[in-house]
Each structure stands twice: as C-alpha cells, then as structure tokens.
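Comments concern the structure below.
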Amino acid sequence: MFASFKSIASYIPERVFKNSDFEKIIDTSDEWIVKRTGIKERRFAAEHEATSDLAFEASKIAIQRAGIDAEEIDCILVATISPDFLCMPSTACVLAERLGIENIPAFDISAACSGFIYLLSIAKAYVESNTYKNILIVGAEKLSAITDFSDRSTCVLFGDGAGAAVIGTTQEKSSSVLDISISSNGKYQDFLVTPGGGSRTPIRADNVDKNLQYMKMKGNETFKLAVKTLASDVKDILQRNNISPKDIRFFIPHQANLRIIKAVGELLDFSIEQSVITVDKYGNTSAASIPMAMNDIYEEGRLKKGDLILLDAFGGGLTWGSALLYFNGGNLI
Ligand code: UT7
C-alpha cells in the first residue's frame with residue numbers, strides 16, 4: 001500500500017493589502033518590492049480570524065474533495081509558525097474540534113516554510129506503515145500576527161492563508177507520493193527567528209517593548225542559501241528516482257521571492273510553464289505557500305489527476321525538503 005495525495009484546497013483571506021498600502025506606513029515603494037521580491041499584494045486575515053479559522057475553511061473543502069466524511073479522517077497534522085496559542089492547545093486540536101472530529105491524534109509541527117513537506121513525510125510514513133488511512137495535513141498561517149509592521153525589511157514579504165490536503169491510500173505506485181526528502185541545519189538558526197515569547201526570552205514587558213515577538217530575518221544570507229539548497233535538494237530527489245526535469249508537469253516551490261524561484265528554475269532547467277508562481281498575489285505564507293499554490297492550479301483546471309509534481313521548500317530552522325508525487329485527486333474542471 002502507498003500514500004496518495006487525494007485532494008487539495010486552500011483558504012485565501014479576503015483583505016487585499018497592496019504594496020501601495022505599505023507606502024503609506026513605511027519608507028518603501030511598490031517599485032522596490034516588485035523588483036526585489038516579485039510581490040504585488042498579499043492577503044491579511046481579519047482581526048477576529050485566527051490560524052485555525054483559516055485552516056478550518058481550507059480543511060472543509062479538502063475533505064469534501066477527497067470524497068470522504070470528516071469522521072473518516074483518522075489523524076490531523078498542522079504545520080504553522082503562527083499557532084492560535086503559543087504553547088497549548090495545538091492548532092490541530094482546535095481545528096479537530098471545529099471539524100467535529102474527536103478521539104484521533106492531532107498535533108502541530110514547527111518547520112517554518114518547509115512545514116507542509118515535513119507533514120507530507122509524516123503522513124506518508126503513517127499511511128505506508130498502516131497506522132492511519134485518511135490523514136488531513138494543513139499548512140496555515142496568520143503571519144500578520146507576528147509581523148513587525150515598522151520593519152520594512154520583513155513586513156512587506158509576508159501574508160496570511162491556509163492550504164489543506166487529504167493523504168489516503170492507493171495500491172498503485174503510479175498514483176502515489178513517490179518520494180520525500182526533508183532535512184535541516186541548526187547552524188543557521190539565526191537567519192530566520194522569532195526571538196521573543198519562548199523559554200529563552202519569555203514574554204515580559206521589556207521584551208515586548210523591543211518587538212522581540214516578531215519575525216526577524218537575515219534576508220540576503222537566507223536568499224543565497226535558499227537558491228543553493230533548493231536546487232541541490234531537487235537534483236538529488238530527481239536523480240534518486242531516475243526522473244528528468246522535463247518529466248515533471250508542475251514544479252511548485254515555496255513562494256518566498258520571485259528571484260529565488262526563477263534562479264532555482266533556471267538551475268534545474270524547468271520552463272516557465274512548469275514553475276508555479278503565486279508569490280505576486282499572496283506574498284510569503286510560510287507553511288501555507290505550497291498547498292495554496294497547488295490549489296490555485298487545481299482550481300484553474302491545470303492540475304489534473306495523474307500529473308507528476310515536485311514540491312520544494314526552504315525555511316527557518318533552517319529546514320528544507322522536496323517531494324515527488326502523482327496528484328491523485330479528482331479533476332475539478
Ligand atoms: O521563507 C523563508 C525563506 N525566506 C527567503 O528565502 C527570503 C530570502 N530573502 C529575500 O527574499 C531578500 O533578501 C529580501 C527581499 C528580503 C531583500 O532583498 P535584497 O536584495 O537581499 O535586499 P537587502 O536586504 O540586501 O537590502 C538592500 C537595500 C538596503 O538598503 P541599503 O543598505 O543598500 O541602503 C535595505 O535597507 O534595500 C533596503 N530595503 C528596502 N528598501 C525599500 C530593505 N527593505 C526595503 C523595503 N523598501 N521594503
């Protein structure tokens with residue numbers, strides 16, 4: 001028995017925040033943001049919406065598209081760096097309650113922008129060891145809650161959203177999640193960090209005054225390492241599976257920066273038609289970026305059952321990973 005990618009869905013918050021809106025609050029310009037990042041706008045969740053609310057909306061659709069009832073989900077996994085609550089309960093437990101599902105395992109993982117691929121690797125192992133049969137995996141972020149809107153080097157980059165998928169079973173290798181690689185290197189932990197709020201720097205008025213509860217990034221260093229790591233990771237997984245870039249229908253990289261996506265695509269010989277790009281309209285949504293991008297091409301009617309796709313991510317930790325899979329959801333259009 002193999003793990004199979006049965007459905008994809010996303011939830012995109014309504015509020016559009018354009019680059020020109022940033023021009024009103026910080027010293028930046030639409031021209032700088034577009035040139036350096038490719039981002040034109042991003043979505044922000046409403047004040048009352050938490051990460052689990054975004055996750056819930058995406059999950060409902062993912063379960064329905066998988067053709068199962070919520071009660072058939074036997075495990076819920078959420079990847080997020082902006083959980084509803086800092087320590088407990090997990091966003092996965094809150095989500096389970098919203099979905100009306102009880103008495104199954106539900107937990108969060110923290111692997112930043114690589115979170116969705118980390119989840120997929122856990123789900124694949126559970127399914128193929130016959131532990132669970134229908135696993136809901138969700139990448140969800142309300143990054144606007146942990147963004148410092150006075151720091152122009154980070155605030156223009158991020159957005160909110162959620163993407164969800166159901167990982168089930170198949171007997172056919174040709175409709176399965178073929179291979180996944182995940183990795184990390186804590187040597188670069190200070191490249192992307194939310195310094196305050198944890199046990200190292202607890203929530204205290206003086207730490208909050210220093211804005212330590214917000215994301216910080218060494219952008220340029222992260223950029224260079226991202227291009228190198230993403231490209232070599234993909235080369236490895238393709239080689240290992242004896243697959244050439246032209247066999248891939250869609251290359252879906254983490255959406256952090258258009259320049260990174262283009263540089264990696266060129267190094268790997270992916271055509272512009274193969275590379276999926278959504279960073280222009282959603283910004284960087286961390287763990288949600290890959291499933292959101294995947295859902296966009298699904299809803300456009302481009303992603304079809306049987307398509308061979310490659311996911312590739314890089315993020316805080318540092319963490320990275322790639323996944324090679326046949327999409328096995330029903331065609332929407
Ligand atoms: O999702 C996890 C992984 N994340 C990433 O992979 C992100 C990787 N990093 C990046 O995408 C890019 O490094 C950034 C988009 C964050 C920055 O682009 P950059 O080309 O690396 O710019 P920089 O940080 O070297 O800054 C260049 C200049 C600086 O001014 P000076 O020192 O040259 O005078 C910055 O102060 O741009 C300035 N700058 C801005 N100017 C206008 C930084 N942010 C802004 C801004 N508007 N928002």
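We number each residue from 1, following the sequence as shown. Model, not experiment: these values are computed from the prediction. Counting convention: from 1, in listed order, for ligands and their atoms alike.
- Looking at Ser175, its side chain does come within 3.5 Å of a backbone N or O of Glu172 through a donor-acceptor pair.
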Pair Thr170-Tyr326, side-chain contact (heavy atoms from CB on, under 4.5 Å): steps then yes or no = CA-CA 11 Å; Thr170 179; Tyr326 289 100; over 6 Å; no

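- Ring-centre distance between Tyr298 and Phe327: below the 6.0 Å cut-off.
- Distances from atom 21 (O) of ligand 1 to the protein include at least one heavy-atom value under 4.0 Å.
- Under the 4.0 angstrom criterion for non-hydrogen atoms, Asn284 is in contact with ligand 1.
- Phe44 and Phe149 have their aromatic ring centers within a separation under 6.0 angstrom.
- Remark: minimum distance from atom 38 (C) of ligand 1 to any protein heavy atom is reached at Arg152 NH2, 3.7 Å.
- Counting only heavy atoms of the protein, atom 11 (O) of ligand 1 lies nearest to Asn257 ND2, 2.7 Å.
- In this structure, atom 32 (O) of ligand 1 has no protein heavy-atom contact shorter than 4.0 Å.
- Residue Thr28 touches ligand 1 through backbone and side chain together, judged by heavy-atom distances below 4.0 Å.
- Scanning the protein for heavy atoms near atom 6 (O) of ligand 1, the closest one is Ile260 CD1, 3.3 Å.
- A donor atom on one side chain and an acceptor atom on the other are found under 3.5 Å apart for Asp233 and Ser322.
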Under the side-chain hydrogen bond (donor to acceptor under 3.5 Å, both in side chains) criterion, do Asp160 and Tyr282 qualify, and how do the steps go?
-> CA-CA 8 Å; Asp160 302 336; Tyr282 305 140; over 6 Å; no

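- Of the N and O atoms on the side chains of Ser82 and Glu141, at least one donor lies less than 3.5 Å from an acceptor on the other residue.
- At a cut-off of 3.5 Å, with distance as the only test, a side-chain donor of Asn328 or Lys305 sits close to an acceptor on the other residue.
- Nearest protein neighbour of atom 2 (C) of ligand 1, counting heavy atoms only, is Cys113 SG, 3.4 Å.
- Heavy-atom proximity to atom 19 (P) of ligand 1, evaluated over Gln255, Lys224, Glu23, Arg36, is greatest for Arg36.
- In this comparison of Trp32, Phe191, Phe223, Phe314, the heavy atom closest to atom 42 (C) of ligand 1 sits on Trp32.
- Between the side chains of Glu299 and Asn295, at least one donor-acceptor pair of N or O atoms lies under 3.5 Å.
- Protein heavy atom at the shortest distance from atom 9 (N) of ligand 1 is Gly219 O, 3.0 Å.
- Residue Ser29 has no nitrogen or oxygen atom sitting less than 3.5 Å from a nitrogen or oxygen atom of ligand 1, judged on distance alone.
- Less than 4.0 angstrom separates atom 29 (C) of ligand 1 from none of the non-hydrogen atoms of the protein.
- Screening Glu57, Lys60, Glu49 for a side chain to side chain donor-acceptor pair (under 3.5 Å) with Tyr11, the sole residue that qualifies is Glu49.
- Counting atoms of ligand 1 from 1 in the listed order, those under 4.0 Å from a heavy atom of Thr37 are 15 (C).
- Applying the 4.0 Å criterion to heavy atoms of Met217 picks out, from ligand 1, the atoms 4 (N), 7 (C), 16 (C).
- When only non-hydrogen protein atoms are considered, atom 25 (O) of ligand 1 lies nearest to Asn220 ND2, 3.3 Å.
- Distance check on atom 44 (N) of ligand 1: some protein heavy atom falls below the 4.0 Å cut-off.
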Report the C-alpha distance between Ile81 and Met215 in whole Å, list the side-chain angles of each, state the deciding distance to 0.1 Å, and finish with yes or no for side-chain contact (heavy atoms from CB on, under 4.5 Å).
-> CA-CA 10 Å; Ile81 53 165; Met215 292 179 285; 4.2 Å; yes

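- Protein heavy atom closest to atom 18 (O) of ligand 1, with residue, atom name and distance, is Arg259 NH2, 3.5 Å.
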